[in-house]
Every structure is written in structure tokens, then in C-alpha cells.
Amino acid sequence: MTNNNNNTPPVSIHELIQLSNIGIPPDQVTWNRVTMTSDRWIAIRHCNKEDSSSMVTVLNPKEGSISYVGQTTADSVQINPTEPVIALKAGIRFEVFNFNTKQLISKTKLHDPVVYWTWLNTEVIAMVTETLVYHWPIWEDCAPEKVFLRHHRLEFTEIISYKADPSLKWLAMTGLMPEEEKISGLTQLYYVDEDITQCINGPCILCAATRDAVDIGKIHVIELGPYKQGNFAPRNNYDHVQFYDGADTYDFPVSLHVSEKYGLLFTITKYGYLYLSDMETAACLCCNKISNFIMFTSTLNTDTQGIMGVTRGGQVMTIKIKKEGLVSHVRDKAKRTNQADRLEKAISC
């Protein structure tokens with residue numbers, strides 16, 4: 001793995017918006033108040049400076065414009081990844097409405113407190129309680145459906161992620177927990193068709209980024225699916241990465257995004273490092289410091305195949321690949337000719 005901090009980085013970093021400039025108090029730019037399920041919108045739950053009322057602002061980060069502002073009693077908000085639809089949670093009650101037409105789409109409630117929830121896709125909201133995981137098809141007139149039980153090993157973790165493959169057959173829920181004065185990640189993987197579950201150490205899954213007790217971590221690429229007679233064994237590739245801890249920091253992966261177009265994995269750590277890896281082999285191609293603030297939420301930028309994220313400093317940032325520079329870096333500095341050739345071909349398409 002090549003640390004590119006002292007060389008010309010193969011990525012460019014730009015600030016799109018500073019949230020304080022649109023009236024968002026700096027102390028309210030936090031993980032539970034600012035959510036981004038795609039690069040189309042950012043939802044921000046904050047206080048009105050004039051009368052301290054609770055507000056929701058929906059921001060279009062690419063245009064730098066505000067799509068919606070309204071008062072709310074919700075304790076959490078999430079925007080649909082592709083439609084102008086907002087979901088609001090107030091205790092155990094949920095409502096979903098179109099923020100352009102103000103039309104109510106659906107509402108429901110659970111009997112138990114929800115500790116984590118998110119949009120899985122345009123049609124389904126996932127809800128996690130202390131014991132169960134539910135899926136709620138918001139365009140259908142039905143209650144949330146029980147999907148699987150939380151594994152007992154996640155009992156004392158803080159759930160930070162829940163993902164699914166496009167078929168909603170493979171489901172992965174990730175939690176963080178303190179362990180020996182460090183932070184450890186644990187992912188519960190569930191396969192719907194076989195009703196089987198497995199726990200894997202690591203804070204991201206399907207493609208995974210892990211760290212052990214020292215400063216060495218791994219990037220994994222794991223091929224999922226039931227083994228069929230006559231097929232090759234599923235892939236399970238990994239590469240080592242080194243984390244750059246400061247005197248008072250313990251860095252670890254907080255998000256992982258995939259550019260299928262370029263065949264790249266983007267791993268972002270708590271303290272602002274970006275690791276670029278090859279999706280086919282898990283080979284780590286380069287590492288760059290991208291922010292001095294914690295980037296607590298991020299997503300793939302579908303226009304550039306880079307990353308868009310929000311930092312604790314209120315910056316809405318975009319990280320873009322320098323295409324030719326990355327190919328040259330991989331070939332000449334990382335000395336990975338095969339990956340460079342494959343990347344050059346993908347970028348030219």
C-alpha cells in the first residue's frame with residue numbers, strides 16, 4: 001500500500017457548501033442530525049435561530065440549493081435516495097411524505113423503540129430494534145415486516161450501518177463497541193433464502209474494511225452466494241493497510257463505497273483518510289488525507305464516481321478521482337501494472 005500524503009495526490013478535494021452559511025449551527029452538524037442516503041439530497045434536523053423551534057432543511061448539494069424547509073417534531077429524518085420523499089421518525093411513529101407536493105404517502109408505528117433505521121432502496125425502509133430487524137415497503141398499505149433476529153453478539157453494539165444487495169436477499173448490519181480501550185466493529189450477515197446468519201469481525205461488509213488491535217488493517221473482497229457443484233470456489237481476497245494514528249487518536253474505517261464503473265473501493269476512516277483499493281483483488285492502491293475533520297456521513301458521487309461527504313466542521317465536500325493521475329500512480333508508484341491496465345480501460349469507457 002502506498003501512502004501518498006507527501007506526493008501529488010491522485011484525487012482532488014473541493015468544498016461544495018459550508019452548512020453554517022445556510023444557517024445550520026455548528027454544534028448540530030452531527031451524525032444523528034445530518035443524513036445523506038444518496039448524492040441527491042442531504043437532510044438536516046436543526047433548531048431555528050429565531051425561536052428555537054425544530055426544523056428540517058433538505059439541501060441539494062450539487063446545485064447548492066434548498067429543496068425544502070419545514071417545522072417538525074421528529075427526532076430523526078431520512079430522505080429517499082432517488083425520489084423527493086422524506087421519512088420522519090418521532091419515537092415509535094413513522095411518517096413518509098412527498099416534500100414537493102406535501103402529500104402523505106404512508107405512516108406506521110412499532111411497539112418497540114427503533115435504535116437505527118435507513119432507506120434500503122427507493123421502496124423499503126429498514127428498522128432495527130434491540131432484538132429484531134424490520135422491512136417496511138412504504139408504497140404498499142402494510143405494516144413493517146419482521147425479517148430476522150439480531151444476533152446476541154450485537155447486543156451491546158451501537159448500530160451504524162445496515163445494507164442490502166439489490167435483491168434484498170443478502171443483508172448486513174454493522175455495530176461498533178468499545179473493546180480494550182479501542183473501537184471494534186462487528187457485522188451480522190443474513191441470507192434470506194436459507195434463513196442463516198453469521199457474524200464477521202469488521203465495520204463494513206460484502207466488501208469489508210477491518211482493523212485489529214495494532215495499526216494494521218485489511219481490505220476484504222468477499223464473494224457471497226451459495227456454493228454450487230462444479231463452480232469455482234467463491235473469492236475471498238484481502239490486502240493489508242496501515243492506519244496513521246496520532247498521539248491521541250485511534251483511527252478505524254467508518255464507511256466503504258464501491259464504484260462499479262471504475263472497479264474501485266473507497267474506504268474512509270474516522271480521522272479523514274481515504275484508502276483507494278482495487279475491487280477485484282482488494283489491493284490497496286493509495287492513501288490520502290482528505291479532511292482534518294471527521295467525515296461522519298458519505299456516499300458515492302454518481303456524476304464523478306468519487307465521494308461526497310459531510311464533516312463535523314460543516315463542510316459538504318466532494319472527492320474526485322484524477323483519472324490519468326491515478327492510473328500513473330498505480331502503474332509507476334504502486335507498481336501494480338495489472339490493476340493500472342484494468343483501471344485505464346475502465347476509465348476510458
### Stepwise side chain to side chain donor-acceptor pair (under 3.5 Å) check, T299 with D39
CA-CA 6 Å; T299 189; D39 59 352; over 6 Å; no
### Message
Between V96 and I125, is the side-chain contact (heavy atoms from CB on, under 4.5 Å) condition met? List the steps.
### Response
CA-CA 10 Å; V96 180; I125 290 176; 4.1 Å; yes
### Task
Applying side chain to side chain donor-acceptor pair (under 3.5 Å), run through S298 and S255 and close with a yes or a no.
CA-CA 7 Å; S298 58; S255 63; 3.1 Å; yes
### Q71 and S54: CA distance, side-chain angles, deciding distance, side chain to side chain donor-acceptor pair (under 3.5 Å) verdict
CA-CA 6 Å; Q71 290 190 341; S54 184; over 6 Å; no
#### Entry: Verdict with supporting geometry, L186 and R153, side-chain contact (heavy atoms from CB on, under 4.5 Å)
CA-CA 8 Å; L186 187 67; R153 291 181 62 190; 3.5 Å; yes
### Task
Begin with the C-alpha distance, continue with both residues' side-chain angles, and end with the deciding distance and a verdict on salt bridge (Lys or Arg N to Asp or Glu O under 4.0 Å) for E155 and R150.
CA-CA 8 Å; E155 182 177 357; R150 277 180 65 170; over 6 Å; no
### Message
Assess the residue pair I268 and Y273 against the criterion (side-chain contact (heavy atoms from CB on, under 4.5 Å)); give the C-alpha distance rounded to whole Å, side-chain angles, the decisive distance to 0.1 Å, and a yes or no.
### Response
CA-CA 6 Å; I268 300 174; Y273 283 91; over 6 Å; no
### Message
As a quick check of understanding, evaluate side-chain contact (heavy atoms from CB on, under 4.5 Å) for T37 and N80, giving each step before the final call.
### Response
CA-CA 7 Å; T37 53; N80 187 293; over 6 Å; no
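W31 approaches I159 most closely through the heavy-atom pair CH2-O, 3.7 Å. The two residues Q315 and Q18 have their closest heavy-atom pair at CG-NE2, 3.8 Å. When all heavy atoms of A143 and T108 are compared, the pair lying nearest together is CA-OG1, 4.4 Å. The two residues M36 and G309 make their nearest non-hydrogen contact at CE-CA, 3.7 Å. For K322 against S12, the heavy-atom pair with the smallest separation is CE-CB, 4.0 Å. Closest non-hydrogen pair, I290 versus I13, comes out as CA-CD1, 3.6 Å.
Every residue was checked against the ring-ring contact (aromatic ring centres under 6.0 Å, His included) condition with F97, not counting sequence neighbours, and none meets it. Annotation: salt bridge (charged side-chain N to carboxylate O under 4.0 Å, His left out) contacts of R331 (sequence neighbours excluded): D341, E344. Under the salt bridge (charged side-chain N to carboxylate O under 4.0 Å, His left out) criterion, R40 pairs with no residue at all, not counting sequence neighbours. With sequence neighbours left out, F94 forms a ring-ring contact (aromatic ring centres under 6.0 Å, His included) with W117. For F148, the ring-ring contact (aromatic ring centres under 6.0 Å, His included) partners two or more places apart in sequence, or in a different chain, are Y190. Residues passing the side-chain hydrogen bond (donor to acceptor under 3.5 Å, both in side chains) test with N301, sequence neighbours excluded: T318. Annotation: side-chain hydrogen bond (donor to acceptor under 3.5 Å, both in side chains) contacts of N21 (sequence neighbours excluded): none. By the salt bridge (charged side-chain N to carboxylate O under 4.0 Å, His left out) test, K169 is found to be paired with D193, residues two or more places apart in sequence or in another chain being considered. With sequence neighbours left out, the salt bridge (charged side-chain N to carboxylate O under 4.0 Å, His left out) criterion links E158 to no other residue.
Linking ILVMFWY residues whenever their side-chain heavy atoms come closer than 4.5 Å, directly or via other members, places M317 and L300 in the same cluster. Criterion: ILVMFWY side-chain heavy atoms under 4.5 Å apart, direct or through other members. Under it, M127 and V147 are not part of a common hydrophobic cluster. V58 and M55 fall into different hydrophobic clusters, where Ile, Leu, Val, Met, Phe, Trp and Tyr residues are linked whenever their side-chain heavy atoms come under 4.5 Å apart, directly or through other members. Under the 4.5 Å side-chain heavy-atom criterion for ILVMFWY residues, no single connected hydrophobic cluster contains both W41 and I44. The cluster map of Ile, Leu, Val, Met, Phe, Trp and Tyr, joined by side-chain heavy atoms under 4.5 Å apart, puts L276 and L343 in the same cluster.
Distance alone, capped at 3.5 Å, is enough to place a donor-acceptor pair between the D165 side chain and the W170 backbone. A side-chain donor-acceptor contact under 3.5 Å links S38 to the backbone of P81. At least one donor-acceptor pair under 3.5 Å links the side chain of S348 to the backbone N or O of K345. Between the side chain of K335 and the backbone N or O of D332 there is at least one donor-acceptor pair closer than 3.5 Å.
Going from atom CD1 of I42 over to atom OG of S67 covers 10.5 Å, rounded to the nearest 0.5 Å. D27 CG to S20 OG: the interatomic distance, rounded to the nearest 0.5 Å, is 11.5 Å. Here CD1 of I79 is found 11.0 Å from CG of N60. Values are rounded to the nearest 0.5 Å. In this structure, CZ on R312 lies 11.0 Å from CG on L19, to the nearest 0.5 angstrom. If you take CG on L326 and NZ on K320, they are separated by 13.5 Å, rounding to the nearest 0.5 Å. From L264, atom CG reaches atom NE2 of H257 across 13.5 Å, with rounding to the nearest 0.5 Å.
Counting only residues at least two apart or in different chains, salt bridge (Lys or Arg N to Asp or Glu O under 4.0 Å) contacts with residues 81-105 comprise D75-K89. Note on residues 118-140: pairs passing side-chain hydrogen bond (donor to acceptor under 3.5 Å, both in side chains), not counting sequence neighbours, are T82-T122, H135-Y162.
Side-chain atoms of T269 and V254, non-hydrogen and from C-beta on, never get closer than 4.5 Å to each other. Within the 4.5 Å cutoff, the side chain of I24 has heavy atoms near those of the V29 side chain. The closest side-chain heavy-atom distance from K62 to D303 is below 4.5 Å. When side chains are defined from C-beta on, Y68 does not count as touching T57, because their heavy atoms never get closer than 4.5 Å. Side-chain atoms of T311 and I294, non-hydrogen and from C-beta on, never get closer than 4.5 Å to each other. Looking at L168 and L120, their side chains come closer than 4.5 Å, going by heavy atoms from C-beta outward.
Between the side chains of T187 and T174, at least one donor-acceptor pair of N or O atoms lies under 3.5 Å. A donor atom on one side chain and an acceptor atom on the other are not found under 3.5 Å apart for Y271 and K289. Using modelled atom types and a 3.5 Å distance limit, the side chains of T197 and H151 yield no donor-acceptor pair.
For N32, the CG atom is densely surrounded, since the number of other residues' heavy atoms within 6.0 Å is greater than 12.
I92 belongs to no hydrophobic cluster with other residues, because no ILVMFWY side-chain heavy atom falls under 4.5 Å from its own, directly or through intermediates.
We find that R342 and D278 are joined by a salt bridge, their nearest charged nitrogen and carboxylate oxygen being less than 4.0 Å apart.
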